[in-house]
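A short write-up of the structure that comes next.
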Amino acid sequence: MSGPFDTVSDEAIGEGTATDAYFRRTERTLEHAGKNPRVVAEVTVDQFPTGEFDALAGVKDVANLFEGRAVDVDAIPEGRLFDGGPVMRIEGPYLEFARFETSLLGFLSQASAFATRALEARRAAPDSQVLSFGARHVHPAITPLVERAGLLAGMDGFSHVAAGEVLGREAGGTMPHALMLLFGKGEQEAAWRAFDEAVGEDVPRVALCDTFTDEVDETLRAAAALGDDLDSVRIDTTGSRRGDFRHIVREVRWELDAVGREDVDIFVSGGITPDAMRSLRDIVDGFGVGSYVTNADPMDFALDIVAIEGEAISKRGKLSGVKEVYRTADGGHHVGLADNEAPADAEALFEPLVRDGEIVAEFDVDAAAARLREDAELVDLE
Ligand SMILES: O=P(O)(O)OC[C@H]1O[C@H](OP(=O)(O)OP(=O)(O)O)[C@H](O)[C@@H]1O
């Protein structure tokens with residue numbers, strides 16, 4: 001069944017037709033040969049620690065993928081950091097999960113990539129408000145992935161309305177340049193005032209102040225037009241006009257303060273990167289971050305069989321045998337065989353996710369965000 005948009009349905013993902021064709025041929029061949037052994041497969045990016053940590057996300061969707069399947073799945077909980085070794089282990093008859101490999105890897109690859117970038121942005125300005133603005137850069141069907149990654153990373157909010165409905169959170173936002181243009185050049189006050197009159201009490205009054213004239217000029221006009229109602233200004237100066245952006249923002253702050261409006265916050269957006277955040281965080285109150293998160297390359301997760309009927313095995317380049325991963329007391333990441341003794345004072349990271357088709361883990365976003373915050377403090381991310 002196909003709808004008006006080029007998306008694969010939830011049913012296709014759940015039934016396993018959202019798969020690479022070679023898995024269907026593998027199923028047919030194994031059934032023909034009467035082979036369906038019990039295997040253990042692991043999902044990895046790197047076999048050994050590399051010194052670079054990434055954030056794990058997408059685990060909830062994988063759990064839902066395996067609900068009702070005769071498999072056991074263990075995984076690092078969503079929101080933990082990992083560096084080499086498996087992030088997930090699936091055990092069961094191979095034909096129970098062969099066809100789900102493609103979707104499983106896709107769930108983890110994209111969500112973890114977004115979460116890792118979002119965490120970098122969050123950590124670049126720990127005391128500022130950071131909002132996710134990247135929904136416009138991805139297919140609308142996966143906007144909840146972007147916004148959830150932002151929440152996992154500890155961002156303060158996001159812009160996409162339908163993603164908010166999926167996540168059970170309300171989207172935030174104020175005004176686009178389109179609104180300013182529709183009121184017209186020279187009529188910025190009319191636009192800001194109409195917005196102030198039209199929207200609910202709970203919506204912060206953030207005036208967009210870069211559309212037609214100088215940022216300082218529009219900021220002072222917004223302050224005069226809205227008076228005490230004005231909460232913040234948003235400066236989104238287009239790239240071709242940016243020059244020394246820090247200087248522009250400092251001028252805005254200076255002139256606001258000069259007219260006694262120390263209470264008005266400054267929020268910046270447009271191509272904001274962690275470097276930009278570090279260079280502006282002492283003079284701005286908040287950032288909107290989009291493309292830095294959504295431009296993340298998908299993580300190169302792979303699923304590999306590591307044991308068949310209890311016997312360790314692997315293809316060349318992969319490590320055989322069932323493994324466990326640990327957070328060591330010094331914040332390191334250790335990969336070892338599950339049967340071997342754990343390193344002293346280390347915490348085993350795998351937790352049960354699915355037991356014989358039943359989901360046994362919780363997926364609270366706030367809890368995952370708290371785990372990520374703690375893990376990021378323990379681990380050396382620099
Ligand atoms: O650059 P990113 O980090 O991806 O940020 C996302 C977008 O948010 C801002 O747009 P704005 O709402 O001002 O867009 P508009 O010009 O369409 O109003 C900014 O100019 C970016 O286009």
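First listed ligand is number 1; within each ligand, the first listed atom is number 1. Just so it is clear, the model here is predicted, and its values are computed rather than measured.
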Nearest protein heavy atom with distance in Å, relative to atom 19 (C) of ligand 1: D236 OD1, 3.1 Å

S269 versus D236, side-chain donor and acceptor atoms under 3.5 Å: yes

Ligand-side contact atoms (ligand 1) for residue partner R234, heavy atom cut-off under 4.0 Å: 9 (C), 11 (P), 12 (O), 13 (O)

Geometric class of the F133/F267 ring pair [parallel <30°, tilted 30-60°, perpendicular >60°]: tilted

Atom 15 (P) of ligand 1: the protein heavy-atom neighbour that sits closest, reported with distance to 0.1 Å: H177 ND1, 3.4 Å

Which residue and heavy atom of the protein sit nearest atom 14 (O) of ligand 1, plus the separation: R136 NH1, 3.4 Å

Protein heavy atom at shortest distance from atom 4 (O) of ligand 1: H137 NE2, 2.5 Å

Side chains of T237 and E215, donor plus acceptor under 3.5 Å: yes

Top protein contact for atom 3 (O) of ligand 1, by heavy-atom distance: G290 N, 2.9 Å

Donor-acceptor under 3.5 Å (R278 side chain, R281 main chain): no

Distance-only polar pair, side chains of H139 and D6, donor-acceptor under 3.5 Å: no

Common cluster, V379/V335, ILVMFWY with side-chain heavy-atom separation under 4.5 Å: no

Subset of ligand 1 atoms that lie under 4.0 Å from at least one heavy atom of G270: 1 (O), 19 (C), 20 (O)

Of E120, H137, M155, the residue whose pairing with V293 passes side-chain contact (heavy atoms from CB on, under 4.5 Å): M155

Test of proximity, S269 against ligand 1: N or O pairs below 3.5 Å: no

Non-hydrogen atom of G271 closer than 4.0 Å to ligand 1: yes

Per-atom contacts, ligand 1 versus S291 - under 4.0 Å to a heavy atom: 1 (O), 2 (P), 3 (O), 4 (O)

Ring-ring centroid check F107 F114, cutoff 6.0 Å: no

4.0 Å heavy-atom contact, M175 with ligand 1: no

D46-T50 side chain donor-acceptor pair, cut-off 3.5 Å: no

Contact atoms of ligand 1, heavy-atom distance to P176 under 4.0 Å: 18 (O)

Protein heavy atom at shortest distance from atom 6 (C) of ligand 1: F133 O, 3.7 Å

